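Notes follow the structure.
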Number of protein chains: 2
Amino acid sequence: MSQARILIADDHPVMRDGLRRTMESYDIDVLETVADGRAAVAAVERLHPDAVLMDISMPAMDGIAATEIIRSRHADVVVICLTFHGDDAVHQKALEAGASIVLTKDVPAEDVVSVLLEVLAGEPVVERRSDRSRHGGELSLTAREIEILALITKGASTTRIGSELFISVKTVKNHLASIYEKLDVTDRTQAVLSALRLGLVSLDS
Amino acid sequence: MSQARILIADDHPVMRDGLRRTMESYDIDVLETVADGRAAVAAVERLHPDAVLMDISMPAMDGIAATEIIRSRHADVVVICLTFHGDDAVHQKALEAGASIVLTKDVPAEDVVSVLLEVLAGEPVVERRSDRSRHGGELSLTAREIEILALITKGASTTRIGSELFISVKTVKNHLASIYEKLDVTDRTQAVLSALRLGLVSLDS
DNA sequence: GGCTGAATGAATCGAAAGGCCTATTGGTCG
DNA sequence: CGACCAATAGGCCTTTCGATTCATTCAGCC
């Protein structure tokens, strides 16, 4: 097989540069590196790479949205998502968006390369992560619940959430109760902390 | 000047590998890469590098604690801290611990190299960051306040904090009020979020 | 067609949190 | 010594929150 042609999307220059060098040292052709999802979509249109190494949390357009667009336009372009968070919900979203695989950034660099080559070779690869796989935990928050979680992670009060989502305070409370139960906590502060640890929401949202 | 001999400490393998390759491409000798603060301290003892590229948030022992130990034992070893967060409080702590400079990970890789070489050459270098510098903010929480912040970051209730610290609920509330004022928030949830962003407390505490 | 789960809305009740005061005790600093 | 501040504590009052229970609508699914 000829040399793989890839694109790297990551908002951290150090990471971007490091990944590029790592890939190049394995004789992978890095066509370009970009800093956000929007640029990634544009670059794919222009360069038609074999694969994209896509960071999930990025400004302008996150990796999941970018993956969705890229995959819908170019089914032959493989997307491999990288993330710091070992969280199921995010991984699931990325896979649904069309990522071939989701790797946490705490896997060794060589593994990223080998997985990339495997995927390009057409081998079926399942999701791989490093440690603390929280299987059996199986917490599944609904979209609405995550939406509400995101709002309390911005410090919103119950009333505030209600008006932002155009639903009554009562309903918000009901959702909150469900969230608390699922996350096994008793108040919004603990819920925020738990959600942050699980990567369900991010601090800079 | 002869080739610089450095040590890299970062808990993310991808980052570790990337940094190593970046450094090596600039003809800097990377003696070893380690994954946490404890290992960094041990490696410095063994290898006496010229400098350490130290990530701040790491398991086992964070970069600040490691920096403090290293600098106290080897004043000739330069420590350069890297972090994702552009937060003053954390930067200040790192500098106080003996870091020569704190760089956010969103500066270009070449800058990391040039700063490293400048510092090794003995040139005075001031703190450099990419954007959003929050000068003039100058928030100073007391030790007690930070202690209480740490407890609410563990999800503790006001009553709980009181019994943990052997003070009355009223006193806790007073401290909380001061904290809210200093952080410019109105409730504990927002306080936790603000404290996390500022690096006053950490999620895994 | 009936079951289930998600989203919505609601009532009630007690506990917790937060706002706004005042006050005492010990330091520290000029 | 007097000024100031951190830490402690209390009172009072309002708002918010969380727990529990119930009901309705709508969608997907066997």
Side-chain angles (χ1 to χ4, degrees), chain A residues 87-90 92-93 95-96 136-198 200-201, chain B residues 89 92-93 96 137-196 198 200-201:
Chain A
D87 159 48
D88 280 333
V90 172
Q92 195 54 43
K93 274 196 201 164
L95 294 174
E96 283 169 6
E138 197 60 49
L139 78 166
S140 58
L141 298 197
T142 68
R144 200 53 156 172
E145 286 163 356
I146 290 183
E147 204 173 356
I148 289 177
L149 257 182
L151 286 172
I152 66 175
T153 307
K154 291 204 284 188
S157 67
T158 303
T159 312
R160 177 79 188 291
I161 296 172
S163 43
E164 296 246 343
L165 297 182
F166 304 107
I167 58 180
S168 86
V169 175
K170 311 291 185 184
T171 306
V172 176
K173 283 190 168 193
N174 288 334
H175 285 307
L176 283 175
S178 303
I179 292 171
Y180 296 162
E181 194 189 349
K182 288 181 180 176
L183 296 183
D184 192 29
V185 298
T186 58
D187 60 56
R188 63 211 299 112
T189 304
Q190 290 175 16
V192 165
L193 293 166
S194 175
L196 284 172
R197 291 200 185 91
L198 295 175
L200 295 174
V201 295
Chain B
Q92 197 52 45
K93 275 194 201 168
E96 283 168 7
E138 196 61 48
L139 77 168
S140 59
L141 298 198
T142 68
R144 200 51 155 176
E145 286 163 356
I146 291 184
E147 202 173 359
I148 287 176
L149 257 182
L151 286 171
I152 67 176
T153 307
K154 291 204 284 187
S157 67
T158 303
T159 312
R160 177 77 190 292
I161 295 172
S163 44
E164 294 245 345
L165 298 182
F166 303 107
I167 58 180
S168 87
V169 175
K170 290 308 307 178
T171 305
V172 177
K173 283 189 170 191
N174 290 334
H175 285 307
L176 284 175
S178 305
I179 292 170
Y180 296 162
E181 193 190 350
K182 289 181 181 177
L183 296 183
D184 192 29
V185 297
T186 59
D187 60 56
R188 62 211 297 113
T189 304
Q190 291 175 15
V192 164
L193 293 166
S194 173
L196 284 172
L198 295 175
L200 296 173
V201 295

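Owing to the predicted nature of the structure, the values given are computational and were not obtained by experimental measurement. In what follows, chains are A, B, ... by sequence order, proteins preceding strands, each numbered from 1.
Under the rule for a side-chain hydrogen bond (donor to acceptor under 3.5 Å, both in side chains), the partners of Thr171(B) that lie at least two apart in sequence or sit in another chain are Ser168(B). For Gln190(A), the side chain to side chain contact (heavy atoms under 4.5 Å, CB included) partners two or more places apart in sequence, or in a different chain, are Val185(A), Thr186(A), Asp187(A). With sequence neighbours left out, Ser157(A) forms a side-chain hydrogen bond (donor to acceptor under 3.5 Å, both in side chains) with no residue at all. With sequence neighbours excluded, the residues satisfying side chain to side chain contact (heavy atoms under 4.5 Å, CB included) with Leu165(A) are Arg144(A), Glu147(A), Ile148(A), Leu151(A), Ile161(A), Ile167(A). Judged as a side-chain hydrogen bond (donor to acceptor under 3.5 Å, both in side chains), and not counting sequence neighbours, Ser194(B) has no contacts.
Remark: Thr171(A) is not in phosphate contact with dT8(C), judged by side-chain N or O atoms under 4.0 Å from OP1 or OP2. In this model, the phosphate group of dA6(C) is not approached by any side-chain N or O of Ser178(A) to a distance below 4.0 Å at OP1 or OP2. In this structure, Arg160(A) does not reach the dT16(D) phosphate: none of its side-chain N or O atoms is under 4.0 Å from OP1 or OP2. Between Thr142(B) and dC5(D) there is no side-chain N or O to OP1 or OP2 distance below 4.0 Å.
Side-chain atoms of Leu193(A) and Leu196(B), non-hydrogen and from C-beta on, do get closer than 4.5 Å to each other.
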Subject >> Base-contact (B) and sugar-phosphate-only (S) positions in nucleotides 25-30 of chain C, heavy-atom cut-off under 4.0 Å, - elsewhere >> reply: ------
Subject >> Where protein sits on nucleotides 17-30 of chain D, one letter per nucleotide: B base, S sugar-phosphate only, - none, heavy atoms under 4.0 Å >> reply: BBS-B---------
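Atom CD1 in Ile148(B) sits about 12 Å away from atom P in dG18(C), given to the nearest Å. Put simply, CG on Leu165(B) is 8 Å from P on dT8(D), counting in whole angstrom units. Ile167(A) has its CD1 atom 16 Å from the P atom of dA6(C), to the nearest Å. Rounded to whole angstrom, the span from the NE2 atom of His175(B) across to the C1' atom of dT8(D) amounts to 7 Å. Following rounding to the nearest Å, Ile152(B) (CD1) and dG18(C) (P) show an atom-to-atom distance of 8 Å. Rounded to whole Å, the distance from CD on Glu145(A) to P on dG5(C) is 14 Å.
Sorted by first and then second residue, the salt bridge (charged side-chain N to carboxylate O under 4.0 Å, His left out) pairs with a member in residues 159-179 of chain B read Arg160(B)-Glu164(B); sequence neighbours excluded.
For the helix from dG1(C)-dC30(D) to dG30(C)-dC1(D), the rotation axes defined at the first and last 5 base pairs enclose an angle of 50°, given to the nearest 10°.
For Lys170(B), the listed nucleotide lying nearest its side chain is dA9(D); candidates were dA7(C), dA9(D), dA6(D).
We find the CG-CD distance between Asn174(A) and Glu145(A) to be 10.5 Å, quoted to the nearest 0.5 Å. Of the inter-residue distances, the one linking Ile179(B) atom CD1 with Thr142(B) atom OG1 reads 7.5 Å to the nearest 0.5 angstrom.
Annotation for Arg188(A) and Ala156(A): closest pair NH2-O, 3.0 Å, computed over non-hydrogen atoms. Between Ala191(B) and Ile152(B), the closest heavy-atom pair is CB-CD1, 4.2 Å.
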